[in-house]
Enquirer: 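Below you will find the structure I want to go over with you.
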Amino acid sequence: QVQLAESGGDSVQAGGSLRLSCVASRNSNINSCMGWFRQAPGKGRDVVATITTAGARRMYADSVKGRFTISLDSAKNTIYRQMNSLTPEDRAMYYCAEFPRRDAWTNCWNSAKEGEKHWGQGTQVTVSS
């Protein structure tokens, strides 16, 4: 079972930037996906960005498009999330996860909405106005 470890969370002011990292204990299966999720206080855990383990396709939630970028360094078994123009609404615990594609016809974004996932422990992002 893969182990995931996030880092990079911090407290910043609105308009600031952060880069989150997630290191996996092994290479992911070529048919797997990686993603970043976030959970704000009192709310459910939502997917915000996904990437294929080949790094070929990235997808984002509308709320973060143009501000957040997900990337993959396969040599380091690491995914990153660059977050710019942070707002107080971005305050949340951020988790990375590895999960399988539901099937050959379902992309990582839709596969993220259901099914078993391997989760990291999370990293806290706080944004003050």
Side-chain angles (χ1 to χ4, degrees):
Q1 180 172 332
V2 66
Q3 303 295 321
L4 301 171
E6 302 97 333
S7 63
D10 205 345
S11 180
V12 298
Q13 290 191 329
S17 299
L18 283 174
R19 189 193 196 202
L20 305 184
S21 301
C22 173
V23 181
S25 58
R26 57 155 175 77
N27 284 325
S28 297
N29 184 290
I30 192 66
N31 293 317
S32 292
C33 308
M34 299 290 292
W36 284 101
F37 298 70
R38 68 184 180 186
Q39 186 166 14
K43 296 187 178 180
R45 191 173 298 186
D46 297 321
V47 56
V48 291
T50 60
I51 188 168
T52 60
T53 51
R57 188 173 184 185
R58 302 168 174 83
M59 300 187 75
Y60 300 92
D62 288 342
S63 60
V64 306
K65 280 181 182 176
R67 301 188 299 122
F68 290 6
T69 302
I70 187 172
S71 59
L72 171 68
D73 186 336
S74 297
K76 297 181 179 179
N77 298 336
T78 301
I79 63 168
Y80 301 98
R81 204 170 64 193
Q82 179 67 38
M83 307 188 297
N84 299 325
S85 303
L86 287 162
T87 73
E89 288 69 37
D90 296 315
R91 178 194 174 205
M93 184 71 81
Y94 285 76
Y95 300 89
C96 71
E98 182 197 72
F99 50 96
R101 289 177 63 180
R102 187 170 65 192
D103 52 51
W105 299 272
T106 304
N107 60 34
C108 287
W109 181 262
N110 289 321
S111 298
K113 299 175 182 178
E114 60 184 34
E116 184 177 342
K117 300 176 182 62
H118 295 118
W119 296 99
Q121 81 287 352
T123 186
Q124 180 69 44
V125 171
T126 302
V127 184
S128 57
S129 57

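Hydrogens, waters and symmetry mates are skipped; everything else that's a heavy atom, side chains included, is used.
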Enquirer: Strictly below 4.0 Å, N to O, side chains only: are Glu98 and Arg26 in salt-bridge contact?
Expert: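 Answer for the salt bridge query: yes.
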Enquirer: Please determine whether residues Phe99 and Trp109 belong to a single hydrophobic cluster, defined as Ile, Leu, Val, Met, Phe, Trp and Tyr linked transitively by side-chain heavy-atom distances below 4.5 Å.
Expert: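 Shared cluster, yes.
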Enquirer: For His118 and Ser32, run side chain to side chain contact (heavy atoms under 4.5 Å, CB included): C-alpha distance rounded to whole Å, both residues' side-chain angles, the deciding distance at 0.1 Å, then the answer.
Expert: CA-CA 11 Å; His118 295 118; Ser32 292; over 6 Å; no
Enquirer: Whether the side chain of Gln13 engages the backbone of Ser128 through a donor-acceptor N/O pair (distance < 3.5 Å, no angle test) should be reported.
Expert: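 No: the side chain of Gln13 does not pair with the backbone of Ser128.
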Enquirer: About how many Å separate OG1 of Thr123 and OH of Tyr95, when rounded to the nearest 0.5 Å?
Expert: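 One finds 10.0 Å between OH of Tyr95 and OG1 of Thr123.
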Enquirer: Check Thr69, Val48, Ile51 against Arg81 for a side-chain contact (heavy atoms from CB on, under 4.5 Å) and give me the one that passes.
Expert: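 Answer after filtering Thr69, Val48, Ile51: Val48.
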Enquirer: Are Lys76 and Ser21 packed together at the side-chain level, in the sense that at least one heavy-atom pair is separated by less than 4.5 angstrom?
Expert: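 In short, these two side chains do not touch, never coming nearer than 4.5 Å.
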Enquirer: May I ask whether Trp119 and Trp36 are part of the same hydrophobic cluster, defined by side-chain heavy atoms of I, L, V, M, F, W, Y residues being less than 4.5 angstrom apart, directly or through others?
Expert: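 No; tracing contacts between hydrophobic side chains, which count when under 4.5 Å, never links both residues.
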Enquirer: Test of understanding: clusters of I, L, V, M, F, W, Y form through side-chain heavy atoms closer than 4.5 Å, transitively. Do Leu18 and Val23 belong to the same one?
Expert: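 Result: no, two separate clusters.
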Enquirer: Compare all side-chain heavy atoms of Met83 with those of Val125 and state whether any distance is below 4.5 angstrom.
Expert: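 Met83 reaches Val125 side chain to side chain.
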Enquirer: Quick check on Gln121: does its CD atom have over 12 non-hydrogen neighbours (other residues, nucleotides or ligands) under 6.0 Å away?
Expert: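 It does: Gln121 CD has more than 12 such atoms within range.
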Enquirer: Return the OG to CG distance between Ser17 and Leu86, rounded to the nearest 0.5 Å.
Expert: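 Answer rounded to 0.5 Å: 6.0 Å.
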Enquirer: Under a 4.5 Å side-chain heavy-atom rule over Ile, Leu, Val, Met, Phe, Trp and Tyr, are Leu72 and Val64 clustered together?
Expert: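 Yes, one cluster joins them.
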Enquirer: Tell me which one of Asn84, Leu20, Asp90 satisfies side-chain contact (heavy atoms from CB on, under 4.5 Å) with Phe68.
Expert: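 When side-chain contact (heavy atoms from CB on, under 4.5 Å) is applied between Phe68 and each of Asn84, Leu20, Asp90, only Asp90 qualifies.
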Enquirer: Indicate yes or no for a side-chain donor-acceptor contact from Ser111 to the backbone of Arg102 under 3.5 Å, with no hydrogens or angles considered.
Expert: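 A pair under 3.5 Å: yes.
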Enquirer: Strictly distance-based, threshold 3.5 Å: is any side-chain N or O of Gln124 a donor or acceptor partner for the main-chain N or O of Ala92?
Expert: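 Yes, Gln124 side chain to Ala92 backbone: donor-acceptor pair under 3.5 Å.
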Enquirer: Within this structure, what is the CE-SG distance for the pair Met34 and Cys108, rounded to the nearest 0.5 Å?
Expert: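 Going from CE on Met34 over to SG on Cys108, the span is 10.5 Å.
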Enquirer: Closer than 3.5 angstrom, by distance alone: can the side chain of Tyr60 be matched with the main-chain N or O of Ile70 as a donor-acceptor pair?
Expert: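 Side chain of Tyr60 to backbone of Ile70, a donor-acceptor pair under 3.5 Å: yes, one is there.
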Enquirer: Indicate if Met59 and Val47 have the same hydrophobic cluster label, given that clusters are the connected sets of ILVMFWY residues with side-chain heavy-atom separations under 4.5 angstrom.
Expert: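 Yes, because Met59 and Val47 connect within a single hydrophobic cluster, where side-chain heavy atoms sit under 4.5 Å apart.
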Enquirer: Atom SG in Cys96, atom CD in Glu6: separation rounded to 0.5 Å?
Expert: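 Interatomic distance, Cys96 SG to Glu6 CD, rounded to 0.5 Å: 4.0 Å.
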Enquirer: For the backbone of Asn107 and the side chain of Asn110, can you confirm whether one donor and one acceptor N or O come within less than 3.5 Å of each other?
Expert: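 Checked: no pair found.
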Enquirer: With the side chain counted from C-beta on, respond yes when Thr106 and Arg101 share a heavy-atom pair under 4.5 Å apart, and no when they do not.
Expert: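 Thr106 does not reach Arg101 side chain to side chain.
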Enquirer: Report, as yes or no, whether the 6.0 Å neighbourhood of atom CZ on Arg91 holds more than 12 heavy atoms from other residues, nucleotides or ligands.
Expert: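 No, the 6.0 Å shell around CZ holds no more than 12 heavy atoms from other groups.
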Enquirer: Shortest non-hydrogen contact from Leu4 to Ala24?
Expert: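 In this case the closest contact between Leu4 and Ala24 is CD2-CB, 3.6 Å.
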Enquirer: More than 12 foreign heavy atoms under 6.0 Å from NZ of Lys113: is that the case here?
Expert: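 Enclosed.
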